[in-house]
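Contents: one structure, followed by commentary.
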Amino acid sequence: MNTHPARGMRDFLPEEVRRRQWVVGVIADVYQQYGFEPLETPAVENIETLLGKYGEEGDKLIFKILKRGDGGQAGQADLALRYDLTVPLARVVAEYHARLPKFFKRYQVQPVWRADRPQKGRFREFYQCDADAIGSRSMVIEAELLGAAGDVLERLGFADYTLRLNHRGVLAGLLEAGGVSAELQGEALVALDKLDKIGPDGVEAELTSRGVPDKGAHLLLELFGAVTAPGRLATPQAAFNEDVMARLERLVGPARPEAVVELRQILTLVTPSAAGRHVRLDPSLARGLSYYTGAIFEIAVPDLAGSLGGGGRYDNLIGMFLGGDVPACGISLGLERILVVMGEREMFPGGLGRAPAEVMVTIWNLDTVPDALSLAAELRSAGLRVEVYPEADKIGRQFKYASSRSIPVVAVVGDDEAAGGLVTIKDLDSGEQQRVPRAEAGDRVRAALAGR
RNA sequence: GUGAGUGUAGCUCAGUGGUAGAGCUCCGGAUUGUGGAUCCGGCUGUCGCGGGUUCGAUCCCCGUCACUCACCCCA
């Protein structure tokens, strides 16, 4: 019998659960500091809710749930596991818009599922940590979302992250300037997105193979080459952004004034936050999901090919459920991506490896089991985390177990102690032990713990 | 969906066309009221699965499955 979890799925043993909970706690705390409220939605959605929202690639990766009976055998599905947290949010907003505040700001930390092939930092079940704001077209939203993401990363201990920033309107303007026809723009974006990975020559080859005319490909690379020239990493962030901004205003400003203005606003508004030092304009950032309409962002660290998170503005998505245009913008942090990098860099604080209990009560013999349990209850009342050794093994074995579990203190009530109303408290680190009246046991344990 | 690499004890991994190995873990003892360190002893395997070649396959060949990595795309 194969006991591995299903492909791309994972079990989390206690140590790992503690790490995950710690990171999730930091994220939720920061989101709340920015005024986001919690939301949860079902793992399963009606399949038509999801289809057609993510683009062709996305649709293929949706985990479908087959119908019961003959329909299922024919491969029909009417339900699917959610692919992200953004589309379910759009559904929720459409369903409850009358009850929700004018500016609905929600955060959501739940698993999503993708029928992808697993890889480093990529799983078929993974947690997204999203924050989204519905109802405002102001770039205050973008700046606050970038600010929150920056705060999260700072608090987790990242110093070398980049918040890549671009705008779908700017991309469209660039493509028009490059003479790329409307039907080829999607192809061109996929190629341009690889600029930092395969370089200008690679992109040119890719553009050509995707049918973009040589002339257009050349022009595009000229535009992009200017903003991705060697040495750009050494340029101070603000100066770099100013340089890119100036080029965009000249090249794209006339055709797409709003997009360029929005980018400049975001840069200005994000300046006071920690994120301000990490935002970098990147005209080659495209992002694959089809629902983005305005600003787009992606969080990058040098030691991971994929991103730690991403997001952007999607002013048309909610309208697909509700009709009309409801402005919306959000960001998503990938929990396991963050954990993979933090694990490799050993960034977790020491306190996470804590023992399952502060004190272990031994069992002297079968007759004293009730007494051991009462002692445990007394210690718990004193506010301690207490484990009771479950069997009347040799006392040495019980000590060995406590030691192997890193439990720092052991309490023993043997025949001698019971006769005098005493408890032996032993500090396993120092090896010191002391017999004390039972009423003082809790204080004695605390004293031992305090010495650590 | 495409490509590559790896599958041997609970874990990490050696190994050879001729009866299966080490370290760690685990269990017992030295120690019948005291753990870590040390010493002594002990358990553990369909060599991923199926087929082929061979007198004989864990080893060579084919297939298959699983895992890992890369591509695509993404968090």
Side-chain angles (χ1 to χ4, degrees), chain A residues 1-10 23 27 54-62 82-86 109-130 149 186 189-191 193-194 197-198 202 206 210 285-290 292 296-301 304-312 330-341 360 362-365 368 389 392-418 424-435:
Chain A
M1 194 65 183
N2 173 24
T3 54
H4 280 292
R7 175 202 290 255
M9 310 286 174
R10 289 163 308 154
V23 172
I27 291 170
Y54 304 108
E56 204 178 322
E57 281 299 316
D59 279 358
K60 278 193 277 188
L61 298 178
I62 292 172
R82 63 169 168 246
Y83 177 89
D84 72 356
L85 302 178
T86 307
V109 178
Q110 287 194 278
V112 303
W113 292 268
R114 296 185 187 176
D116 228 344
R117 191 181 284 210
Q119 212 179 295
K120 182 178 180 183
R122 192 168 76 183
F123 309 94
R124 298 181 114 182
E125 176 181 59
F126 62 96
Y127 273 67
Q128 290 195 319
C129 313
D130 282 31
L189 282 183
V190 170
D193 194 40
K194 298 180 185 171
K197 213 181 286 180
I198 60 179
E206 182 113 5
R210 285 173 187 265
L285 175 65
R287 298 195 52 75
L289 295 180
S290 59
Y292 293 120
I296 48 181
F297 13 87
E298 191 163 290
I299 303 165
V301 286
L304 194 69
S307 65
L308 292 189
I331 198 163
S332 177
L333 299 175
L335 178 62
E336 7 287 297
R337 292 275 168 88
I338 290 172
L339 286 160
V340 163
V341 176
M360 191 188 84
T362 59
I363 298 290
W364 190 251
N365 59 44
T368 67
Y389 193 88
D393 279 341
K394 286 167 56 174
I395 201 72
R397 178 152 308 285
Q398 300 189 43
F399 272 78
K400 187 171 180 173
Y401 181 77
S403 186
S404 74
R405 302 283 296 139
S406 305
I407 298 172
V409 179
V410 171
V412 182
V413 183
D415 291 335
D416 299 347
E417 290 91 341
T424 295
I425 302 295
K426 175 162 183 172
D427 181 332
L428 291 188
D429 283 344
S430 67
E432 289 168 18
Q433 67 179 52
Q434 195 174 344
R435 280 187 183 177

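Predicted model, so just to flag it, every value in this text is computed and none were measured. Throughout, a chain's letter reflects where its sequence line sits, starting with A, and its residues are numbered from 1.
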Looking at B:G33, does its base get a donor-acceptor pair with the side chain of A:E417 below 3.5 Å?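 Flag set: donor-acceptor pair detected.
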With a 3.5 Å cut-off and just heavy-atom distances, do the side chain of A:Q119 and the base of B:C72 make a donor-acceptor pair?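 Such a pair is found, so the answer is yes.
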With centres under 5.5 Å and planes under 30° as the test, does A:F126 stack with B:A75?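 Per 5.5 Å and 30° rule: yes, stacked.
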Using distance alone, with no hydrogens and no angle criterion, decide if A:Y54 and A:D84 have a side-chain donor and acceptor under 3.5 Å apart.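 Distance-only check passes for A:Y54 and A:D84.
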Under 3.5 Å, is there a donor-acceptor pair between the A:Q433 and A:T424 side chains?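 Short answer, no.
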Among B:G33, B:A75, B:U34, which is the nearest nucleotide to the side chain of A:D416?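 It is B:G33.
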If you check the A:V412 side chain, which of B:G33, B:A75, B:G3 turns out closest?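 Per side-chain heavy atoms of A:V412, the pick is B:G33.
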Would you classify A:G306 as touching base, sugar-phosphate or nothing, given that sugar-phosphate means primed atoms plus P, OP1 and OP2, and contacts are heavy atoms under 4.0 Å?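 Base contact.
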So what's B:U44 paired with, Watson-Crick or G-U wobble, going by both distances under 3.5 Å?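 WC or wobble partner does not exist here.
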Roughly how far apart, to the nearest Å, are B:C65 and B:G29 at atom C1'?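 Comparing C1' positions in B:C65 and B:G29 gives a spacing of 45 Å.
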Side-chain N or O of A:R397 versus OP1/OP2 of B:G28: is the shortest distance under 4.0 Å?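 Checking A:R397 against B:G28: at least one side-chain N or O falls below 4.0 Å of OP1 or OP2.
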Just wondering, more than 12 heavy atoms not from A:Y127 lying within 6.0 Å of its OH?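 Atom OH in A:Y127 is not packed in, count stays at 12 or less.
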Taking for each residue the nucleotide of RNA chain B with the nearest heavy atom, is it A:E336 or A:P5 whose nucleotide lies nearer the 5' end?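 Its nearest nucleotide being more 5', the pick is A:P5.
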